[in-house]
2 protein chains.
Amino acid sequence: MLTPTVTPSSAPAAPLRTPAGKLIPLNRTSARPATALRQAAHCSSCAMRHLCMPQGLAADEMPKLEALICTAQTVKRGSTLYRSGEPFSNIYAVRSGSLKTVLTHRDGREQVTGIHLAGEALGLDGISEDTHTCNAVALEDSSVCIIPYDALKTLCRETSAMQHRLHKLMGEQIVRETSQMMLLGSLNAEERVATFLLDVSERHARRGYSPSEFHLRMTREEMGSYLGMTLETVSRMLSRFQKRGVIELEGKLIRITDFPALRNM
Amino acid sequence: MLTPTVTPSSAPAAPLRTPAGKLIPLNRTSARPATALRQAAHCSSCAMRHLCMPQGLAADEMPKLEALICTAQTVKRGSTLYRSGEPFSNIYAVRSGSLKTVLTHRDGREQVTGIHLAGEALGLDGISEDTHTCNAVALEDSSVCIIPYDALKTLCRETSAMQHRLHKLMGEQIVRETSQMMLLGSLNAEERVATFLLDVSERHARRGYSPSEFHLRMTREEMGSYLGMTLETVSRMLSRFQKRGVIELEGKLIRITDFPALRNM
DNA sequence: CGACCGTTTGAGTGAGGTCAACCGCTGTGG
DNA sequence: CCACAGCGGTTGACCTCACTCAAACGGTCG
């Protein structure tokens, strides 16, 4: 399935040429403020493996989608991939690592609005306003694939399979967010943490990783922000789960030992 | 701007023919269980006025978008436009009235995940799974425009302006939902209600209605569910605002008398 | 080695939930 | 036409869940 091996190479800043011979200028990319170390790399199939493969599609499902070329970029832990207010021109596919998206209230309060693991998409928040509406920050040293939105739109008009994939991607974000609204609006602290653990577990499984053992790369505070509670409450819930024998935890390493119990919360 | 006058007419159940002469079968529509009284009506420009006009676009912005034909449908107060689990085939534009979308937890708890006023879109939750993931229920006698998703996709591949509009529509939902996550995760009860009133006010204004005086068609309970709190707390907050002279209320009729105060919460 | 960060755990508090009573309106059936 | 039931809304009293504040600990980095 997804092999999140970063393949950084030397960075040719010149326009890239697709297999089909089409030119895709990179000016948009280079115009964006360099908030993170950037490493460009040819990765003609990478975009597909990540933008299109999410949710495990067969590789042969998309015919000539290899036509989209994009570059890779690394984002160091804690650094910002894009910021609220910046012009939107690319969407991203996480190649390796993970990022969070953060919405900042005018009074400074921050809310983590999304966690994006390897193989998942990022940046769709910018489509509606041509401007990003949140900050994307790496939770660990990560690598993302840059997919120029304009080129993608063109491609979507040419092949319906690609159009289908993009629509699914946006639709999935919509569904994920409504689930999160349910979590924030209707569940208590224990249920929120349990639901979150199961969600992360399932997303790991979908990528071929162990569903029962994984690292939570974020801090308790970030988890709390995402779940609408304080870091102390997150910690207490995790301790409670451990005491009940539902999980084992060593710092950020989580091992789920009793899935049914977790699901019954 | 938007004139939410329902124009019901007799219902021709036969396939409709677009101005361009293309056939758009209605079998998908008629296959859906009739959970609400259905009134079909030609409305070739209506889809555009609503799907494309949202956020007040100039009518001349889209060239040959009149090509999309759809039917209108009325939904009585309390009845369901679509249900979770039903196959997805149409998106909807609210012509008049308003609807809520509701997500149901397995234990029966319900969360209102969206309020959709006249001129706004509905049904995007079904795109990701080809199945609706929530229930859409009318808050008052309403009328919606049915936009066949397959036909819309085809159109989006033909004209980039249409593609642009659909992407914006989905992007707007994504942004709206992240804002709601911020509200649910970070704001207290007073701030939530204030934010909600300002949001509804702004959406009314965008459609040319009074921003300072409007009917909240939903019950306190529905409002509470949307805002992640109980109906009693909603009632208390509204009473508090009235006591402070920030709003006047007569049942469901709200008059905002002090916008700055509302914004400073 | 010391400073700092992330985490855990405890004690006390408060915002909002729960339960209950009451009011007004609407619709219905005698 | 009225009586009554039921629903939606408001308000009060009480309680609880999660927040706040604080202390202590381990790991990491300079």
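Within every chain, numbering begins at 1; the chains are lettered A, B, ... in the order of the sequence lines, protein sequences first and strands thereafter.
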Peer 1: Do NZ/NE/NH1/NH2 and the carboxylate oxygens of A:E120 and A:R176 come within less than 4.0 Å?
Peer 2: no
Peer 1: Taking B:E232 first and then B:R236, would you say they form a salt bridge - that is, a charged N and a carboxylate O separated by under 4.0 Å?
Peer 2: no
Peer 1: Once you round it to whole Å, what is the distance between P of C:dG14 and CE of B:M229?
Peer 2: 20 Å
Peer 1: Rounding to a whole Å, what distance do you find between B:L139:CG and D:dG8:P?
Peer 2: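 About 13 Å, once rounded to whole Å.
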Peer 1: Test: side chain to side chain donor-acceptor pair (under 3.5 Å). Region: residues 253-265 of chain B. Which pairs qualify, not counting sequence neighbours?
Peer 2: none
Peer 1: Scan B:L249 against the nucleic acid and name what it touches under 4.0 Å (heavy atoms): base, sugar-phosphate only, or nothing.
Peer 2: sugar-phosphate
Peer 1: B:R240 or B:E232: which one's nearest nucleotide on DNA chain C is closer to the 5' end?
Peer 2: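 It is B:R240 whose nearest nucleotide is closer to the 5' end.
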Peer 1: Using atom CG of A:L253 as one end and atom P of C:dT7 as the other, report the distance to the nearest whole Å.
Peer 2: 13 Å
Peer 1: Tell me whether the OP1 or OP2 atom of D:dT11 has a side-chain N or O from B:S239 closer than 4.0 Å.
Peer 2: yes
Peer 1: Hey, is the side chain of A:R236 pairing donor to acceptor with the base of C:dG10 inside 3.5 Å?
Peer 2: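 Answer is yes: a donor-acceptor pair is held.
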Peer 1: What nucleic acid atoms does B:G228 come within less than 4.0 Å of, heavy atoms only: base, sugar-phosphate, or nothing?
Peer 2: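 The answer is sugar-phosphate, as B:G228 gets under 4.0 Å only of primed atoms, P, OP1 or OP2.
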Peer 1: List the atom of A:G78, the atom of A:V137, and the distance in Å for their closest heavy-atom pair.
Peer 2: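 That would be O-CG1, 3.6 Å.
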Peer 1: Whole angstroms only, please: what is the CD-C1' distance between B:Q242 and D:dG9?
Peer 2: 13 Å
Peer 1: Between C:dG6 and A:K252, is there an OP1 or OP2 to side-chain N/O distance shorter than 4.0 Å?
Peer 2: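 The answer is no; no side-chain N or O of A:K252 sits under 4.0 Å from OP1 or OP2.
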Peer 1: Taking any heavy-atom pair under 4.0 Å as a contact, classify B:L231: base, sugar-phosphate, or nothing.
Peer 2: base
Peer 1: So, is A:T219 near the phosphate of C:dG6, with a side-chain N or O under 4.0 Å from OP1 or OP2?
Peer 2: no
Peer 1: Whether the B:S225 and B:Q111 side chains hold a donor-acceptor pair (N or O, under 3.5 Å, no angle test) is what I'd like checked.
Peer 2: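 No, no side-chain donor-acceptor pair sits under 3.5 Å.
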Peer 1: Measure from CZ on B:R192 to P on C:dA15 and round the result to the nearest Å.
Peer 2: 14 Å
Peer 1: Tell me the interatomic distance from A:R217, atom CZ, to C:dC5, atom P, rounded to whole angstroms.
Peer 2: 22 Å
Peer 1: Check if the side chain of A:E221 and the base of C:dC5 share a donor-acceptor pair of N or O atoms closer than 3.5 Å.
Peer 2: no
Peer 1: Counting just side-chain N and O atoms, does A:T230 come under 4.0 Å of either OP1 or OP2 of D:dC19?
Peer 2: yes
Peer 1: What is the distance, to the nearest angstrom, from the NZ atom on B:K243 to the C1' atom on D:dG12?
Peer 2: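 Rounded to whole Å, this separation is 11 Å.
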Peer 1: Please report, rounded to the nearest Å, how far the P atom of C:dT8 is from the CZ atom of A:F241.
Peer 2: 13 Å
Peer 1: For the side chain of B:S235, starting at C-beta, report the closest nucleotide among C:dG16, D:dT11, C:dT8.
Peer 2: D:dT11
